[in-house]
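When reading the values below, keep in mind they use all heavy atoms of this one structure, side chains included, and skip hydrogens, waters and symmetry mates. Bear in mind that the values here come from a model prediction, so they are computed numbers and not experimental data.
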Amino acid sequence: MSPDPPRPGSARSADDVNEQIRALWLRTGGYLTAQERTEYELLVVEWAAAVSSARPARPEGIAAAAR
């Protein structure tokens with residue numbers, strides 16, 4: 001199975017992507033082939049995008065203080 005990269009505008013929730021990541025690890029028994037590793041990496045990128053888009057923006061003063 002060849003994973004398709006996430007398309008802009010068709011984002012899934014971070015929970016949905018996380019569930020797919022967990023299913024991949026369970027299905028493979030914790031050992032990934034090169035193809036499964038590619039699938040995993042795409043899922044992690046999609047998960048990170050979903051998490052950052054779901055996170056509310058911080059006010060500028062808070063962001064500057066966190067640096």
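- Within the structure, the ring-ring contact (aromatic ring centres under 6.0 Å, His included) test picks out the following pairs touching residues 30-51 (sequence neighbours left out): W25-Y40.
- Contact annotation: the side chain of D16 never approaches that of Q20 to less than 4.5 Å [non-hydrogen atoms, C-beta and beyond].
- The line from CG of L26 to CD1 of I21 is 12.0 Å long, rounded to the nearest 0.5 Å.
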Practice task
Take L24 and L32 through the test side chain to side chain contact (heavy atoms under 4.5 Å, CB included) and record every step on the way to the result.
Solution key: CA-CA 9 Å; L24 173 64; L32 302 176; 4.2 Å; yes
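- For E19, there are no side chain to side chain donor-acceptor pair (under 3.5 Å) partners, not counting sequence neighbours.
- Side-chain contact check for T33 and E36: at least one donor-acceptor pair (N or O, by modelled atom type) lies under 3.5 Å.
- Both V44 and V17 are members of a single hydrophobic cluster when ILVMFWY side chains are connected at heavy-atom separations under 4.5 Å.
- What you find for A14 and A50 is that their closest heavy atoms are N-CB, 3.6 Å.
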